[in-house]
Amino acid sequence: VRKSNMRPCKPGEHCTVRPWPHNINQRSQTLSYSKPQSVRKNLTTYNLHDTPGRINALREIVAGRDVFLFCHGPSIAEMDTYWSGFSQHAACLFAVNRFRVFETGFLAPKDAKIDVVMKTHYRGIRPHIDQLDEFLKRPEKNMFLTSKWAMERLGSSCPARHELERKFDNKMLYFGGAGGSVPATPLDPLRFIYGNTLSLMIVFAAMSEARRVFLFGADGGVADRATAETHYGAQNSNFLFKFDEKNRSTIESALRADATMFNHITETGLIAAEHLYGVKRPPIYNVSPDSALTLFPRIDYATALQMVQEDAADLRRSA
């Protein structure tokens with residue numbers, strides 16, 4: 001048994017693997033590979049210690065509520081109008097990447113805060129390290145989802161990975177490798193096929209035992225080339241990215257590529273979570289009727305708000 005970037009054991013070599021039993025609470029956190037002739041450095045998994053406990057902490061944050069998962073697609077600008085209605089619902093707020101753009105945007109009038117943030121690339125962490133530090137220092141229970149790969153590449157301008165882990169240990173959760181076409185396995189149950197941040201965060205939303213998941217701003221691209229922005233809040237000072245014509249063209253190409261592979265990557269991740277963690281998949285809705293991402297039912301904002309309000313009314317009647 002080996003990692004995807006390791007060669008198979010040769011005859012006469014000694015290879016040992018600690019098994020990961022089906023019960024998540026009994027899974028080992030290490031993988032070792034060694035030769036009798038030369039001592040190899042033990043290979044550890046990409047996860048932090050007690051990953052099962054961290055997943056349980058994520059579930060405690062969500063607490064069986066609906067999850068509103070915010071992305072940066074232009075359609076989420078409708079939240080400027082609709083958030084006053086959605087804010088009446090006690091949902092758990094997830095965000096990909098630049099979470100402060102949402103907190104200083106449509107969430108600001110109600111002073112709502114993001115509960116769970118995911119950043120999958122060091123280039124998305126490094127410019128916002130001060131914002132991340134502030135997020136993790138908040139007294140509320142919240143969580144940052146990322147990878148050891150990203151945290152080890154922040155550079156000298158940021159605190160070292162080990163320093164951040166010591167400082168915010170109970171608020172961080174690492175997923176495993178993310179690359180190529182190798183999905184999760186019992187040896188690396190939080191591994192993902194290479195995809196965008198949303199495709200990973202949806203799986204974590206399902207693993208959090210959310211009641212339902214509503215995706216906002218998951219457009220999968222910009223249909224109209226004349227649209228002023230490819231991303232919600234691109235002019236917000238918290239975005240910290242220059243959108244010139246060259247960058248826009250590159251981003252549009254990347255969004256199209258992501259949309260092409262999104263269904264396959266996300267479905268593979270959800271199936272793995274169901275089988276390896278016993279996850280029961282929640283209903284997932286994409287609140288972007290013209291989205292290029294077609295894996296989940298696409299609904300508009302009015303429909304989503306009606307679903308949330310009817311659910312709240314049912315809960316009041318049953319109380």
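Since this is a predicted model, take the numbers as computed values, not measurements.
- A pairwise comparison of heavy atoms in M118 and L200 identifies SD-CB, 3.8 Å as the closest pair.
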Report task. Could you check M307 against I299 for side chain to side chain contact (heavy atoms under 4.5 Å, CB included), going step by step and ending with a plain yes or no? Result -> CA-CA 11 Å; M307 292 171 65; I299 59 177; 3.9 Å; yes
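- Relative ring orientation between F70 and F102 is described as tilted, the plane-to-plane angle lying within the 30° to 60° band.
- Two residues are said to be in side-chain contact when any heavy atoms from C-beta on lie closer than 4.5 Å; L136 and L164 fail this criterion.
- At least one donor-acceptor pair closer than 3.5 Å links the side chain of H72 to the backbone N or O of V96.
- Between the K141 side chain and the I61 main chain, no donor and acceptor come within less than 3.5 Å of each other.
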Requested in this report: Take L93 and L107 through the side chain to side chain contact (heavy atoms under 4.5 Å, CB included) test and state the conclusion after the steps.
Outcome: CA-CA 10 Å; L93 307 184; L107 297 178; 4.3 Å; yes
Query raised in the report: Given L293 and T266, is the side chain to side chain contact (heavy atoms under 4.5 Å, CB included) satisfied, shown in steps?
Result: CA-CA 10 Å; L293 310 179; T266 307; over 6 Å; no
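- At least one side-chain heavy atom of K167 sits under 4.5 Å from a side-chain heavy atom of K137.
- Look at R161 and E165 and you find a salt bridge, because one of the NZ, NE, NH1 or NH2 atoms lies within 4.0 Å of a carboxylate O, short of that distance.
- Side-chain atoms of T185 and D188 include no donor-acceptor pair closer than 3.5 Å.
- Using a 4.5 Å cut-off between side-chain heavy atoms of Ile, Leu, Val, Met, Phe, Trp and Tyr, with links allowed through other members, I271 and L198 fall into different hydrophobic clusters.
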Query raised in the report: Should N142 and K171 be marked as a side chain to side chain contact (heavy atoms under 4.5 Å, CB included) after you check the CA-CA gap, both sets of side-chain angles, and the distance that decides it?
Result: CA-CA 6 Å; N142 58 16; K171 289 192 168 191; 3.0 Å; yes
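- Taking each heavy atom of L215 and V213 in turn, the nearest pair found is CD2-CG1, 3.8 Å.
- If you take OH on Y174 and CG on N47, they are separated by 10.5 Å, rounding to the nearest 0.5 Å.
- A heavy-atom distance below 4.5 Å is not found between the side chains of I76 and W83.
- Side chain of R126 to backbone of L154: a donor-acceptor contact under 3.5 angstrom is found.
- Atom CG of residue L173 and atom OG1 of residue T51 lie 6.0 Å apart, to the nearest 0.5 angstrom.
- Between F86 and F216, the distance separating the two ring centers is shorter than 6.0 angstrom.
- Looking at E103 and R100, a side-chain N of the basic residue comes within less than 4.0 Å of a carboxylate O on the acidic one, giving a salt bridge.
- Heavy atoms from other residues, nucleotides or ligands lying under 6.0 Å from NZ of K113 number more than 12.
- The minimum heavy-atom distance between K110 and S87, with the atom names listed, is CE-OG, 3.7 Å.
- Partners of F168 under the ring pair (Phe, Tyr, Trp, His ring centres under 6.0 Å) rule, at least two apart in sequence or in another chain, do not exist in this structure.
- Annotation for M207 and I55: closest pair CE-CD1, 3.7 Å, computed over non-hydrogen atoms.
- Side-chain contact between D311 and R212 is present, with heavy atoms from C-beta onward closer than 4.5 Å.
- In this structure a side-chain-to-backbone donor-acceptor pair under 3.5 Å is missing from K119 to A150.
- Across all their heavy atoms, S75 and S288 have their closest contact at OG-OG, 3.6 Å.
- The backbone N or O of A91 sits nowhere less than 3.5 Å from a side-chain atom of D66 that would complete a donor-acceptor pair.
- A salt bridge links E267 with R281: at least one charged nitrogen is closer than 4.0 Å to a carboxylate oxygen.
- Aromatic ring orientation, W149 versus Y122: tilted (interplanar angle from 30° to 60°).
- Side-chain atoms of F192 and S199, non-hydrogen and from C-beta on, never get closer than 4.5 Å to each other.
- Within the 4.5 Å cutoff, the side chain of V287 has no heavy atoms near those of the Y82 side chain.
- The two atoms that bring N97 and V117 nearest to each other are O-CG1, 4.0 Å, heavy atoms only.
- Using a cutoff of 4.0 Å between basic side-chain nitrogens and carboxylate oxygens, R54 and D169 are scored as salt-bridged.
- The structure places OH of Y301 at 12.0 Å from CZ of F214, a figure rounded to the nearest 0.5 Å.
- The main-chain N or O of L295 is found under 3.5 Å from a side-chain atom of N263 such that the two form a donor-acceptor pair.
- With sequence neighbours left out, F144 forms a ring pair (Phe, Tyr, Trp, His ring centres under 6.0 Å) with no residue at all.
- If you chain together hydrophobic residues whose side chains sit under 4.5 Å apart, I284 and V279 fall into the same group.
- Note that CD1 of I202 is 8.0 Å distant from CG of N196, once rounded to the nearest 0.5 Å.
- When atom types are taken as modelled, the side chain of Q88 and the backbone of S84 share a donor-acceptor pair closer than 3.5 angstrom.
- Within 6.0 Å of the CZ atom in R123, the count of heavy atoms belonging to other residues, nucleotides or ligands does not exceed 12.
- Of the inter-residue distances, the one linking F68 atom CZ with I114 atom CD1 reads 11.5 Å to the nearest 0.5 angstrom.
- With rounding to the nearest 0.5 Å, the separation of CZ in R211 from SG in C92 is 14.5 Å.
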